[in-house]
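The structure under discussion appears below in the form of structure tokens.
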Amino acid sequence: MEQTDGQDQSGQDLSSVDLSRGEMTGAKALWATLANHGISTVFGYPGGAIMPVYDALTYYPEVRHVLGRHEQGSIHAAEGWAKATGEIGVCIATSGPGATNLVTGLADAMMDSVPLLAITGNVARHLMGTDAFQEADITGITLPVTKHNYVVRDVEELPQIIAEAIRIARTGRPGPVLVDIPKDVQMAPFHGEIPTPHARPEIPAPSDESITRALELLKGAKKPVMMVGGGSLDSAAEITALARAWDIPVITTLMGLGAFPASDPLWLGMPGMHGSVAANRAISEADVLLGIGLRFDDRVTGRVNGFAPNAAIIHIELDAAEIGKIIRTHVPVRGDAKVAAVKLTDGAVKGEWPEWVAQIQEWKGRNETPDHWGAGYAVKAVVDRLTPDDILSSDVGQHQMLCAQLARFEKPRRWLNSGGLGTMGFGFPAAIGAGMAEPGVRSVVIAGDGGFQMTAQELATLKMYDIRNVKICIINNSYLGMVRQWQEMFHGKRYSEVWLGDSNPDFLKLADAYDVPGYRASNAEELPGAIDAWLNDPRSALLEVVVPHEHGVFPMVPAGAALYEMIESDPKRAAELKAQLADAPMNEAPISNAAEVNDA
């Protein structure tokens, strides 16, 4: 007998299956399993191949569904939820284009180790492989960008697969897992039991031998430095105690910001391409580098053979594949960062390296504060108004690096950004997800005029769910700013396809169309009042800050250069200051950024 979309493999007509809560189907078993695992919120967008799941959702009011306006917005919102809470984010999409619209978010979550469950519908089993309407081999497509994925071919296996997917996404080094469910499996009767959550397996502790070797290196160090990555966020308290016990200066990577309090005198800032002078110089001069929960990616290391050339490397990392992958490791310490930090703290000897401390203080003194109107000035004015509990998300580009340089994070999981993949369009929906996860906390996103437009339609999500704690700041320089900076510096100022100024919308009118209040500042005098109105508005609100077109983010390590070859300050700005100094009367007070002139 020919099988149709409304039949299971036995030819049974599934359209008459009773979807009452008492009579289970695959779709209802899915929701029951999610609810049983404590999943309270999912983000998604319906379509033909996932309709039975959405039909069954009406019987499970304990699970809140958030309807996005694009699948990419939904998966980034799920990422924002996960990054802010440390718990799993869940998103749902239909087959074909719905599923493929999740691919960027899956790759983003894979690169940044985000626990994520993506559930997709697919065509009925008998249609798979026939190029049916809206069919896509989503497991084949996403195999390289997921921690694991499944196609559910037997309805009786569906709840166990969902439970296992949640366990895999959260266990060890977190990551995204995709479960693809054919439509007829969603509709088929289910007769099994709904599984209880798996107990989380213990993270393996590092070996005593590796800890002993690490302690020996640290005790013999004269110029030690600690570098902490995103894998350390849940070990922040232990890592802070470790640094203070040894008196070791601490660098936090882009993904690790907040794992060590920025107010601590030991903190040196962020390393890498747009890292602080102190962080990059300390790495280049250190004799022992203790890395915890990081993968030494290229944006951190610069030219690999110039990275920490004098240092013995201790690398504490859960994922064995990352140890020695990029940087030669002298003491590999595989296991739980929290346990390793405690053991190294127990064996601590307070450091005595006065010359090293003095040198680091001199490097820290070179860090500059934006003192003239521009993107950096605007970003600093905004981040200076944030509290330690506020969540700050960014999109990708110059404003992202400025946030990382200028914001001061005292706690982990208050900084959300797309680090490994660098996904434009990430910031705004991530802020929505984080804001829904923590409705009592202000969720602020700083975006560029280019990236914001990639997911601007999620303004409808703010309106639909009356979300009141998301604050959107657009730094509008009318350019794709980071691309423009590279074209200026490395492509002979040939500005190719980066100008947005003649086609950008009126962002305040755009916000108003979604009943989101908007504010604008176009100069330094207007900015404080606009920030006040924006932050004090009881609703979610948008602030547009119109800044000069050309702005460079410095310090900067050019691609292919070593960290010690960094450009410490903006050459154009330094030249302007030199000219001002030359033209100033002899009795005039010195200009404030004389250090920039010396570095020019």
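Values below: all heavy atoms of this structure, side chains included; hydrogens, waters and symmetry mates excluded. Counting from 1, the numbers follow the sequence of the chain as shown.
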(Q) For Lys411, run the salt bridge (Lys or Arg N to Asp or Glu O under 4.0 Å) check against Asp234, Asp390, Asp389 and tell me which one passes. (A)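 When salt bridge (Lys or Arg N to Asp or Glu O under 4.0 Å) is applied between Lys411 and each of Asp234, Asp390, Asp389, only Asp389 qualifies.
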Heavy-atom distance under 4.5 Å between the side chains of [X] and [Y], does that happen here?
| X | Y | answer |
| --- | --- | --- |
| Gln134 | Pro97 | yes |
| Ile391 | Arg442 | no |
| Leu67 | Pro46 | yes |

Q) Should Arg414 and Glu438 count as an ion pair when the cut-off is N to O under 4.0 Å? A) yes
Q) Should Arg295 and Asp319 count as an ion pair when the cut-off is N to O under 4.0 Å? A) no
With a 6.0 Å cut-off (strictly less than), is the heavy-atom count around [atom1] of [X], excluding the residue itself, greater than 12?
| X | atom1 | answer |
| --- | --- | --- |
| Phe409 | CZ | yes |
| Asn305 | CG | yes |
| Tyr465 | OH | yes |

Q: Please find out if less than 6.0 Å separates the ring center of His65 from that of Phe43.
A: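 No, ring centres 6.0 Å or more apart.
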Whether the [X] and [Y] side chains hold a donor-acceptor pair (N or O, under 3.5 Å, no angle test) is what I'd like checked.
| X | Y | result |
| --- | --- | --- |
| Trp267 | Thr252 | yes |
| Gln72 | Asn101 | no |
| Asp180 | Thr139 | no |
| Ser232 | Ser235 | no |
| Tyr150 | Glu164 | yes |
| His198 | Arg200 | no |

(Q) What verdict does the side chain to side chain donor-acceptor pair (under 3.5 Å) test give for Thr461 and Glu458, after you've listed the backbone C-alpha separation in whole Å, the side-chain angles of each residue and the deciding distance to 0.1 Å? (A) CA-CA 5 Å; Thr461 308; Glu458 300 306 325; 2.8 Å; yes
Q | Evaluation steps, side chain to side chain donor-acceptor pair (under 3.5 Å), between Asn149 and Thr142 | A | CA-CA 8 Å; Asn149 62 29; Thr142 61; 3.3 Å; yes
Q.
Walk me through whether Asp108 and Ser418 qualify under side chain to side chain donor-acceptor pair (under 3.5 Å).
A. CA-CA 7 Å; Asp108 192 89; Ser418 171; 2.4 Å; yes
Q) How many angstroms lie between atom OG1 of Thr33 and atom CG of Leu158, to the nearest 0.5 angstrom? A)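 One finds 7.0 Å between OG1 of Thr33 and CG of Leu158.
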Q. Of the options Val177, Thr146, Val90, Ile75, which is the one that meets Leu116 in a side chain to side chain contact (heavy atoms under 4.5 Å, CB included)?
A. Ile75
